[in-house]
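Report on the structure given below.
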Amino acid sequence: MTVSSSAPPAPTLASRKKSLLASAVGNVLEWYEWSAYAVFAPFIAAAMFDKGDPVSALLSTLAVFAVGFLMRPLGGIVFGRIADKRGRKFVLVTTMLTMAAGSLLIGIMPTYAAVGAWASVLLLLARVMQGFAHGGESATAYSYVGEIAPANRRGMWGSVAFIAIFGGSVIAYSLGGVITSTLSETAVGQWGWRIPFLLGAVLALVALYLRRSMDESDVFHGEQAAEATPIPRRTVVRAIVLMIGMTSGITAAHYTWTSYVSTYAITQKGMNPDTAYWMLVIAQVIALISLPFFGRLSDSIGRRPMLAAFAVGMFALQVPLTMMITDDGWTLLLATTAALLVVAAPASILSSTLSESFPTRLRTQAIGFAYSFSVAVFGGTAPYLNQLLLNLDLGWVFGVYIMALAALTGVAAWFMKETKGVALADV
């Protein structure tokens, strides 16, 4: 592969760290905006849907949550293609603006009582915008962080991508705890649930400022300056299938134990909402702290052992941990902490594993499809499916479902090649 001298010099390590911070801050904010919807799902249900049927209202809200996820593969493909043509930085700025616009729309939209079904339509539009942007954001961030990281520390650097996911969720749930504990339930239902969305739209300006100063990936520049070589389609298809299988169990378990578990504790076990939120915050902080250590461990022992550990752990613990939850806060804390530590092991290496599995020329769009498809099908639908099965008195089926997906992650890991430390320009 012949490289042109027109490619700019590689960024320094200090510059890479600054770019990593800028990417992470924006990613935290995007995940905060995304998680805020799950945190306030019961209140949004009451405001935007028919109050005459609480179960229908909650299911409708969770269905809108899933619709946002179903837009992610399209966003991953569209923005991924743009990122592979115009660069990672351009897309990360664009998705930041789009996500903030969706958050602002949710914060100011009228209620069902004011405009009827149009409230539901506006909510759906906002979630479609956010889902489309989120698909591009996740894929591009995973590519970008993997490409700017030193090869022998890619697992540890890549863990920042999921630190942002947990970090955004922690902020959303912390704010949820503050709002529900300081405002009356009536006030939260009338206007308090709007606060996190309006705040997210304002904070987007800070993230946008930081992202404008990021370096472009030198791996991307090197590919742009190189002579094009054919990429076997079979190789790419195989990698996509394996990555979908790998992420299926991880994303389903992640969204079950972050986006839905508080709703489960509140609606099924009668737990006080602010207690549920704070227990989940503590559990996520513990899992967040573990991520760089798991990432660094993968730089030593490889990616596949981390995936295998998750498959075995989640298969064994999903049902017992769910059964542990009662209306006592400590049960939610213990069960969620254990589950999220199991999830953190493979989550820490998603950025590195995904970026190491695809060639630079197709990396972001391939990740955009594989990861977003898996998240949409297995992650975004998890809260809705769980609630639906519980209402049919078939809650145990969902536990079996998560166990099966965890096993699928293990099967994918078995067929994967070990990619630890590979040079991304040679993938």
### Message
I'd like to know if the side chain of Gln284 pairs up with that of Trp257 as donor and acceptor (distance under 3.5 Å, no hydrogens or angles considered).
### Response
no

### Task
Any chance you could measure Ser169, atom OG, to Leu280, atom CG, to the nearest 0.5 Å?
6.0 Å

### Query
Between Phe293 and Ile289, what is the shortest heavy-atom contact and its length?
CD1-O, 3.2 Å

### Message
If only side-chain N and O atoms count, and only distance matters, is there a donor-acceptor pair under 3.5 Å linking Tyr260 with Gln387?
### Response
yes

### Query
Atom CE of Met99 and atom CG of Leu97: how far apart are they, to the nearest 0.5 Å?
12.5 Å

#### Entry: Evaluation steps, side-chain contact (heavy atoms from CB on, under 4.5 Å), between Leu205 and Tyr209
CA-CA 6 Å; Leu205 298 176; Tyr209 173 78; over 6 Å; no

### Task
Mind checking side chain to side chain contact (heavy atoms under 4.5 Å, CB included) for Ile282 and listing every partner two or more places apart, or none if nothing turns up?
Met279, Ile286, Leu333

### Message
For Phe398, give me all partners under ring pair (Phe, Tyr, Trp, His ring centres under 6.0 Å), at least two apart in sequence or on another chain.
### Response
Tyr401

#### Entry: Closest non-hydrogen atom pair between Ala172 and Ser35, with its separation
CB-CB, 3.8 Å

### Summary
residues 286-300 vs salt bridge (charged side-chain N to carboxylate O under 4.0 Å, His left out), sequence neighbours excluded, gives Asp299-Arg303

### Task
Provide the closest heavy-atom pair for Phe40 versus Val188 in the form atom of the first, atom of the second, distance.
CE2-CG1, 4.4 Å

### Task
Taking all heavy atoms of Leu291 and all of Ser348, pick out the closest pair and write down the distance.
O-CB, 3.4 Å

### Query
Once you round to the nearest 0.5 Å, how far does CD of Gln130 lie from OG of Ser103?
6.0 Å

### Query
Do Leu341 and Thr337 come within less than 4.5 Å of each other through their side chains, counting heavy atoms only?
yes

### Query
Can you find a heavy atom in the side chain of Leu210 that is under 4.5 Å from one in the side chain of Lys18?
no

### salt bridge (charged side-chain N to carboxylate O under 4.0 Å, His left out) against Arg211, all qualifying residues, sequence neighbours excluded
Glu137

### Inter- and intrachain pairs under side-chain hydrogen bond (donor to acceptor under 3.5 Å, both in side chains), touching residues 239-254, at least two apart
Thr247-Ser374

### Query
Quick one: CZ on Arg238 to NZ on Lys417, what's the gap to the nearest 0.5 Å?
6.5 Å

### Query
Among pairs that include at least one residue of residues 103-119, which meet salt bridge (charged side-chain N to carboxylate O under 4.0 Å, His left out), considering only residues two or more places apart or in two chains?
none

### Message
Using 0.5 Å steps for rounding, measure from the CG atom of Leu307 to the CG atom of Leu350.
### Response
8.0 Å

#### Entry: Nearest heavy atoms of Thr256 and Ala382, plus distance in Å
OG1-CB, 3.9 Å

### Task
Taking the side chain as every heavy atom from C-beta outward, state whether Ile44 and Phe197 have any atom pair closer than 4.5 Å.
yes

#### Entry: Flag side-chain contact, heavy atom, 4.5 Å: Leu29 against Met96
yes

### Query
How far does OH of Tyr144 sit from CD of Glu216, to the nearest 0.5 angstrom?
7.0 Å

### Task
Kindly state whether the ring of Phe79 and the ring of Phe132 have centres lying under 6.0 angstrom apart.
yes

### Task
Evaluate the side-chain proximity of Phe369 to Ile240: yes if any heavy-atom separation is below 4.5 Å, no if none is.
yes

### Message
Under a plain distance cut-off of 3.5 Å, with no hydrogens placed, do Ser19 and Arg16 share a side-chain donor-acceptor pair?
### Response
no

### Query
What is the minimum heavy-atom distance between Ala126 and Gly102, and which atoms define it?
CB-O, 3.7 Å

## Note on the structure
By side chain to side chain contact (heavy atoms under 4.5 Å, CB included), Ala114 pairs with (sequence neighbours left out) Pro110, Thr111

### Note, Ser355 side chain near Arg363 side chain (heavy atom, < 4.5 Å)
yes

### Task
State which residues pass side chain to side chain donor-acceptor pair (under 3.5 Å) with Tyr371; sequence neighbours excluded, sorted by chain then number.
Tyr142

With a 3.5 Å cut-off and sequence neighbours excluded, list the donor-acceptor pairs that the side chains of residues 159-168 form with protein atoms.
residue : atom : partner : partner atom : Å
Ser159  : OG   : Met156  : O            : 2.5

### Task
Compare all side-chain heavy atoms of Ser138 with those of Trp31 and state whether any distance is below 4.5 angstrom.
yes

#### Entry: Intermediate values then yes/no, side-chain contact (heavy atoms from CB on, under 4.5 Å), His134 and Thr95
CA-CA 7 Å; His134 216 62; Thr95 54; over 6 Å; no

### Task
With Arg72 as the cation and Phe373 as the aromatic partner, state whether NZ or CZ is under 6.0 Å from the six-membered ring centre and within 45° of the axis.
no

### Task
Check step by step if side-chain contact (heavy atoms from CB on, under 4.5 Å) holds for Trp157 and Ser352.
CA-CA 8 Å; Trp157 279 47; Ser352 55; over 6 Å; no

## Note on the structure
For Leu175, the side chain to side chain contact (heavy atoms under 4.5 Å, CB included) test, sequence neighbours excluded, returns Tyr32, Ile179, Pro196, Leu199

### Task
List the steps and the verdict of side-chain contact (heavy atoms from CB on, under 4.5 Å) for Val375 and Tyr255.
CA-CA 9 Å; Val375 170; Tyr255 283 103; 3.9 Å; yes

### Task
Among residues two or more places apart or on two chains, list those pairs meeting salt bridge (charged side-chain N to carboxylate O under 4.0 Å, His left out) that have a residue in residues 260-269.
none

### Within-4.5 Å side-chain heavy-atom neighbours: Trp193 and Thr180
no

### Atom CD of Glu418 with >12 non-hydrogen neighbours under 6.0 angstrom
yes

### Message
Arg88: which residues meet the salt bridge (charged side-chain N to carboxylate O under 4.0 Å, His left out) condition with it, sequence neighbours left out?
### Response
Asp84, Glu147

